[in-house]
Amino acid sequence: MDNKQNLLDRRYLAMARIWGQNSYCQRRKVGALLVKDKMIISDGYNGTPSGFENICEDENNTTKPYVLHAEANAITKVAKSSNSSEGSTLYVTASPCLECAKLIIQSGIKRVVYGEMYRIDDGIRLLQRAGIDVKYVEYEIAEEWLTKITGDSDI
């Protein structure tokens, strides 16, 4: 069962990376998938709120303060649906920040799988403190699956 879960983790993380390519952000594209019972119940990528211009950085190439993270977009999207994130797994291409970790805890997500370490680890430490199962999957491993799925290593 553990090998099957590792395989699913790599596949969903590769899919989150592909989904993150929808972001209009130039500095960093982050994707997230919420999965429950082997079914994707929500998705998200970093970007501006609905109705705002699709420009994430200002003239100094600094991320605008109102840009939403991929995790927040996936969590708010599922909140507007008839699905529940209770007991789900969040696959996200970059480790969650502290603010997103709070949302993850409050939404009942029980597991987080990420593929790239953010420069600050406060979010990861808070998730672990809350008893959430946190797993890092090396991007090189996820990249192998991405290439197998798409045939393109430049995505």
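Just so it is clear, the structure is predicted and the values come from calculations on it, not from any experiment.
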Legend entry - Test log, rule salt bridge (Lys or Arg N to Asp or Glu O under 4.0 Å), inputs Lys110 and Asp133: CA-CA 6 Å; Lys110 295 298 177 203; Asp133 180 21; over 6 Å; no

With a 4.5 Å heavy-atom cut-off, do [X] and [Y] have their side chains touching?
{"X": "Glu57", "Y": "Tyr24", "answer": "no"}
{"X": "Glu116", "Y": "Ser95", "answer": "no"}
{"X": "Thr93", "Y": "Arg17", "answer": "yes"}
{"X": "Lys36", "Y": "Asn83", "answer": "no"}
{"X": "Leu103", "Y": "Glu71", "answer": "no"}
{"X": "Val30", "Y": "Val92", "answer": "yes"}
{"X": "Pro49", "Y": "Leu68", "answer": "yes"}
{"X": "Ile132", "Y": "Val112", "answer": "yes"}

Return the minimal non-hydrogen interatomic distance between [X] and [Y], and the atom names on each side.
{"X": "Ser42", "Y": "Lys77", "answer": "OG-CB, 3.4 Å"}
{"X": "Pro96", "Y": "Ala101", "answer": "CB-N, 4.4 Å"}
{"X": "Val78", "Y": "Ser85", "answer": "CG1-CB, 4.0 Å"}
{"X": "Ser23", "Y": "Asn46", "answer": "OG-O, 2.8 Å"}
{"X": "Leu90", "Y": "Ala32", "answer": "CD1-CB, 4.0 Å"}
{"X": "Ala72", "Y": "Cys100", "answer": "N-SG, 4.3 Å"}

Legend entry - Gln128 atom CD, over 12 foreign heavy atoms within 6.0 Å: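 Counting neighbours around CD of Gln128, more than 12 heavy atoms of other residues, nucleotides or ligands fall under 6.0 Å, so yes.
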
If hydrophobic clusters are built by linking Ile, Leu, Val, Met, Phe, Trp and Tyr wherever their side-chain heavy atoms come under 4.5 Å apart, do [X] and [Y] end up in the same one?
{"X": "Ile55", "Y": "Tyr66", "result": "no"}
{"X": "Val113", "Y": "Val35", "result": "yes"}
{"X": "Leu98", "Y": "Tyr136", "result": "yes"}
{"X": "Ile41", "Y": "Ile105", "result": "yes"}
{"X": "Met117", "Y": "Leu127", "result": "yes"}

Legend entry - Pair Asp9-Lys4, salt bridge (Lys or Arg N to Asp or Glu O under 4.0 Å): steps then yes or no: CA-CA 9 Å; Asp9 288 347; Lys4 187 172 184 178; over 6 Å; no

Inset, instruction - Under the disulfide (SG to SG under 2.5 Å) rule, collect the residues that match up with Cys56, sequence neighbours excluded. - result: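 In terms of disulfide (SG to SG under 2.5 Å), with neighbours along the sequence ignored, Cys56 is linked to Cys25.
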
Legend entry - Worked check of side-chain contact (heavy atoms from CB on, under 4.5 Å) between Val134 and Tyr114: CA-CA 8 Å; Val134 179; Tyr114 67 97; 3.6 Å; yes

State the [atom1]-[atom2] distance between [X] and [Y], to the nearest 0.5 angstrom.
{"X": "Ser88", "Y": "Ile40", "atom1": "OG", "atom2": "CD1", "answer": "12.0 Å"}
{"X": "Asn22", "Y": "Asn54", "atom1": "CG", "atom2": "CG", "answer": "11.0 Å"}
{"X": "Lys29", "Y": "Ile18", "atom1": "NZ", "atom2": "CD1", "answer": "14.0 Å"}
{"X": "Arg10", "Y": "Leu13", "atom1": "CZ", "atom2": "CG", "answer": "10.5 Å"}

Inset, instruction - Could you please spell out the steps behind the side-chain contact (heavy atoms from CB on, under 4.5 Å) verdict for Glu99 and Asp122? - result: CA-CA 9 Å; Glu99 293 303 312; Asp122 291 358; over 6 Å; no

Legend entry - Asn60 side chain to Thr62 backbone, donor-acceptor under 3.5 Å: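 A pair under 3.5 Å: no.
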
Inset, instruction - Begin with the C-alpha distance, continue with both residues' side-chain angles, and end with the deciding distance and a verdict on side-chain contact (heavy atoms from CB on, under 4.5 Å) for Lys38 and Tyr12. - result: CA-CA 10 Å; Lys38 296 182 187 173; Tyr12 282 125; 4.2 Å; yes

Inset, instruction - Applying side-chain contact (heavy atoms from CB on, under 4.5 Å), run through Ile104 and Ile75 and close with a yes or a no. - result: CA-CA 8 Å; Ile104 292 165; Ile75 291 167; 3.9 Å; yes

Inset, instruction - Start with the C-alpha distance between Asn73 and Tyr45, add both sets of side-chain angles, then the distance that settles side chain to side chain donor-acceptor pair (under 3.5 Å), and finish with yes or no. - result: CA-CA 7 Å; Asn73 270 324; Tyr45 50 86; over 6 Å; no

